[in-house]
**Student:** 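Please see the structure below; I have some questions.
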Amino acid sequence: MSDRLTRRAAVMAKVEAVYGTAETTFAATDAVLLVNPPSFAIEPDNVPRNLALPWLGNSEELPATRRARLKFDVELVGSGTPGTPPAWGKFLRGCGFAETIVVGNRVEYTPVNTGFEGLTFRFFRDGVRYVARGGRGTVKLNLAAYAVPTASFEFQAFDTLAVPAGVPAIDLSAFISPEVVTDAASGDIRLGATLATGTISGGQVLASKGLTIDIGNKVSHRKILGGEQIRIGDRSVSGQMAVDLTAEDEITWRSDINAVALTSVAFQHGTAAGKRIALFGGRVQRTNPQAIDDDGSVLIQSDLRFLPGPTGAPEITIIAR
């Protein structure tokens, strides 16, 4: 009996210098502090031989391509030092985001339309190391009230190999302790606010149950000779919020929604420099407003569609400062 344990698992990742060329040197600091057990699956694309034989039954399938599908959650908190990328920043880069560092102040992440980066992953599962390259994916951000803020990543990567290896020494010190999304640690949702040099200001302040955002990348495995890749072919950023509105405000909201009136949506979390996270969408459409019960009180829940600017400006900005 092998007595292999699912708990004896680890994930390591590096941004590739050249897309699709596997990184071969990993440090202990390339490890990831996970929330909940990760999910790792190898998905083969086998080709059946379909032999025409004078009896019934199968013929074998031949291996063609294969890809890894890796899902994991991390805590959403800054690096602890303003202007230093958070440890999960490389995963946003693998989800089609550009990383902009303002030294000593903040790090901003905005979605791009070209020049997507890739990641090499090493996944360890009690005695076996799986390696996959060209990793790209998508992410969901969860800043629900009175919960630990998290980012849920889902990646695909190709050319998955398995070799014998134990879980290596890992260094998780870059992942610092987050703050729970509470009244004291988080700002309210702001509609109609502005973003300038990393600072969110103005707008209508609304009490809420927090904010969730789904980056919604359309990810596929492009199988082409001499150009195999994991492809981000489109993006549809969406979200949801539930806010406390007066009866008068609800009527105004429904009128605005029916008129397709766009607004900005902003949310900030964190009290200490270096640990703060901010989310900002400059052009957001609210849809599907519904009244929901919150412990006997009425909240208005709305779906959100984040739109690029009229000339293609990014539809969302994620700030660590």
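Heavy atoms only: backbone and side chains are in, while hydrogens, waters and symmetry mates are out.
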**Student:** Around Asn58, counting heavy atoms of other residues, nucleotides and ligands shown, do more than 12 lie under 6.0 Å from its CG?
**Tutor:** no
**Student:** Is any NZ, NE, NH1 or NH2 atom of the basic residue among Asp234 and Lys218 found under 4.0 Å from an Asp or Glu carboxylate oxygen of the other?
**Tutor:** no
**Student:** If only atom types and distance count, is the side chain of Thr160 paired as donor or acceptor with the main-chain N or O of Ala68 below 3.5 Å?
**Tutor:** yes
**Student:** I'd like to know if Leu279 and Val284 are part of one continuous hydrophobic network [Ile/Leu/Val/Met/Phe/Trp/Tyr, side-chain heavy atoms within less than 4.5 Å].
**Tutor:** yes
**Student:** Stepwise, does the side chain to side chain contact (heavy atoms under 4.5 Å, CB included) test hold for Thr65 with Phe158?
**Tutor:** CA-CA 8 Å; Thr65 60; Phe158 61 89; over 6 Å; no
**Student:** State, yes or no, whether a side-chain contact exists between Pro85 and Tyr109 at a heavy-atom distance under 4.5 Å.
**Tutor:** yes
**Student:** How long is the span from the NZ atom in Lys14 to the OG1 atom in Thr120, to the nearest 0.5 Å?
**Tutor:** 9.0 Å
**Student:** Drop me the distance from Leu76's CG to Leu141's CG, to the nearest 0.5 angstrom.
**Tutor:** 6.0 Å
**Student:** Around Asp293, counting heavy atoms of other residues, nucleotides and ligands shown, do more than 12 lie under 6.0 Å from its CG?
**Tutor:** yes
**Student:** Are Leu206 and Asp188 close enough that some pair of their side-chain heavy atoms sits under 4.5 Å apart?
**Tutor:** no
**Student:** Any sub-3.5 Å donor-acceptor pair from Arg136's side-chain atoms to Glu117's backbone N or O?
**Tutor:** yes
**Student:** Scan Val243, Asp244, Ile300 and name whichever one has a side-chain contact (heavy atoms from CB on, under 4.5 Å) with Ser208.
**Tutor:** Val243
**Student:** Are there over 12 heavy-atom neighbours, none belonging to Arg66, within less than 6.0 Å of that residue's CZ?
**Tutor:** yes
**Student:** Mark yes or no for whether Ser79, through its side chain, and Thr84, through its backbone, hold a donor-acceptor pair below 3.5 Å.
**Tutor:** yes
**Student:** Give a yes-or-no answer on whether the side chains of Thr271 and Glu179 include a donor-acceptor pair shorter than 3.5 Å.
**Tutor:** yes
**Student:** Start with the C-alpha gap between Phe72 and Phe91, add the side-chain angles, then the distance that decides, and say whether ring pair (Phe, Tyr, Trp, His ring centres under 6.0 Å) holds.
**Tutor:** CA-CA 11 Å; Phe72 58 90; Phe91 300 120; 5.1 Å; yes
**Student:** Testing the 3.5 Å rule here: is there a donor-acceptor pair between the side chains of Thr29 and Asp171?
**Tutor:** no
**Student:** Under a plain distance cut-off of 3.5 Å, with no hydrogens placed, do Gln268 and Arg190 share a side-chain donor-acceptor pair?
**Tutor:** no
**Student:** Atom CG of Leu143 and atom OG1 of Thr150: how far apart are they, to the nearest 0.5 Å?
**Tutor:** 7.5 Å
**Student:** Check step by step if side chain to side chain contact (heavy atoms under 4.5 Å, CB included) holds for Phe153 and Leu70.
**Tutor:** CA-CA 8 Å; Phe153 291 95; Leu70 178 60; over 6 Å; no
**Student:** Hey, does the side chain of Ser59 reach the backbone of Leu51 with a donor-acceptor pair shorter than 3.5 angstrom?
**Tutor:** yes
**Student:** Rounded to the nearest 0.5 Å, what separates atom CZ in Phe155 from atom CZ in Phe121?
**Tutor:** 4.5 Å
**Student:** Does the side chain of Asn105 come within less than 4.5 Å of Pro82's, by heavy atoms?
**Tutor:** no
**Student:** With distance as the sole test, does Trp88 use its side chain to make a donor-acceptor pair with the main-chain N or O of Asp73 at under 3.5 Å?
**Tutor:** no
**Student:** Can you tell if the side chain of Pro168 reaches within under 4.5 Å of the side chain of Arg129, non-hydrogen atoms only?
**Tutor:** no
**Student:** State, to 0.1 Å, how close Thr138 and Gly216 come at their nearest heavy-atom pair, and which atoms those are.
**Tutor:** OG1-N, 3.3 Å
**Student:** Do Arg305 and Ser238 come close enough that some side-chain heavy atom pair is under 4.5 Å?
**Tutor:** no
**Student:** Taking a hydrophobic cluster as the set of Ile, Leu, Val, Met, Phe, Trp and Tyr residues connected by side-chain heavy atoms closer than 4.5 Å, whether directly or through intermediates, do Ile213 and Val74 fall within one such cluster?
**Tutor:** yes
**Student:** Looking at Glu75 and Ile176, what are the two nearest heavy atoms and their distance?
**Tutor:** OE1-O, 4.2 Å
**Student:** Answer yes or no: is there a side-chain heavy-atom contact under 4.5 Å between Val15 and Glu23?
**Tutor:** no
**Student:** Roughly how far, to the nearest 0.5 Å, is CD1 of Ile257 from OG1 of Thr287?
**Tutor:** 7.5 Å
**Student:** Ignoring hydrogens and geometry, is there a side-chain-to-backbone donor-acceptor pair from Arg122 to Ala10 under 3.5 Å?
**Tutor:** no
**Student:** Counting N and O atoms only, with roles assigned by atom type, does the side chain of Arg321 sit under 3.5 Å from a partner on the main chain of Gly198, one being a donor and the other an acceptor?
**Tutor:** yes
**Student:** Would you tell me whether Thr212 and Asn142 have side-chain atoms, one donor and one acceptor, within less than 3.5 Å of each other?
**Tutor:** no
**Student:** Let me see the working for Tyr146 and Thr182 under side chain to side chain contact (heavy atoms under 4.5 Å, CB included), right down to the final yes or no.
**Tutor:** CA-CA 5 Å; Tyr146 303 101; Thr182 64; 4.0 Å; yes
**Student:** Would you say Val131 and Phe26 make side-chain contact, with heavy atoms under 4.5 Å?
**Tutor:** no
**Student:** Taking the side chain from Arg4 and the backbone from Asp126, do they hold a donor-acceptor pair closer than 3.5 Å?
**Tutor:** yes
**Student:** Which heavy atom of Leu119 sits nearest to which heavy atom of Lys90, and what is that distance?
**Tutor:** CD2-O, 3.7 Å
**Student:** Taking side chain as C-beta onward, heavy atoms only, is Asp256 less than 4.5 Å from Arg286?
**Tutor:** yes
**Student:** Strictly distance-based, threshold 3.5 Å: is any side-chain N or O of Arg125 a donor or acceptor partner for the main-chain N or O of Ala9?
**Tutor:** no
**Student:** Consider only side-chain heavy atoms of I, L, V, M, F, W and Y, link residues closer than 4.5 Å, and tell whether Leu304 and Val237 are in one cluster.
**Tutor:** yes
**Student:** Would you say the side-chain atoms of Asp30 pair up with the backbone N or O of Ala27, donor to acceptor, closer than 3.5 Å?
**Tutor:** yes
**Student:** At their closest point, which heavy atom of Pro178 faces which heavy atom of Val148, and how far apart are they?
**Tutor:** CG-CG1, 3.8 Å
**Student:** Assigning hydrophobic clusters by single linkage (Ile, Leu, Val, Met, Phe, Trp, Tyr; side-chain heavy-atom cutoff under 4.5 Å), is Leu92 placed with Ile101?
**Tutor:** yes
**Student:** Evaluate the side chain to side chain contact (heavy atoms under 4.5 Å, CB included) criterion for residues Ile224 and Gln229: first the C-alpha distance (whole Å), next the side-chain angles of each, then the deciding distance (0.1 Å), finally the verdict.
**Tutor:** CA-CA 8 Å; Ile224 182 171; Gln229 64 171 298; 5.9 Å; no
**Student:** Counting neighbours of NZ on Lys140 that are heavy atoms of other residues, nucleotides or ligands and sit closer than 6.0 Å, is the number greater than 12?
**Tutor:** no
**Student:** Identify the heavy atoms of Ser177 and Lys275 that sit nearest to each other, and give their distance.
**Tutor:** O-NZ, 2.9 Å
**Student:** Give a yes/no verdict on a cation-pi contact between Arg235 and Phe306, requiring under 6.0 Å between NZ or CZ and the six-membered ring centre and an angle within 45° of the axis.
**Tutor:** no
**Student:** Under a single-linkage definition using a 4.5 Å side-chain heavy-atom cutoff for Ile, Leu, Val, Met, Phe, Trp and Tyr, are Phe40 and Val32 assigned to the same hydrophobic cluster?
**Tutor:** yes
**Student:** What's the separation between atom CG in Asn217 and atom CD1 in Ile232, rounded to the nearest 0.5 Å?
**Tutor:** 4.5 Å
**Student:** How close do Ile316 and Pro111 get, heavy atom to heavy atom, and via which atoms?
**Tutor:** O-CD, 3.1 Å
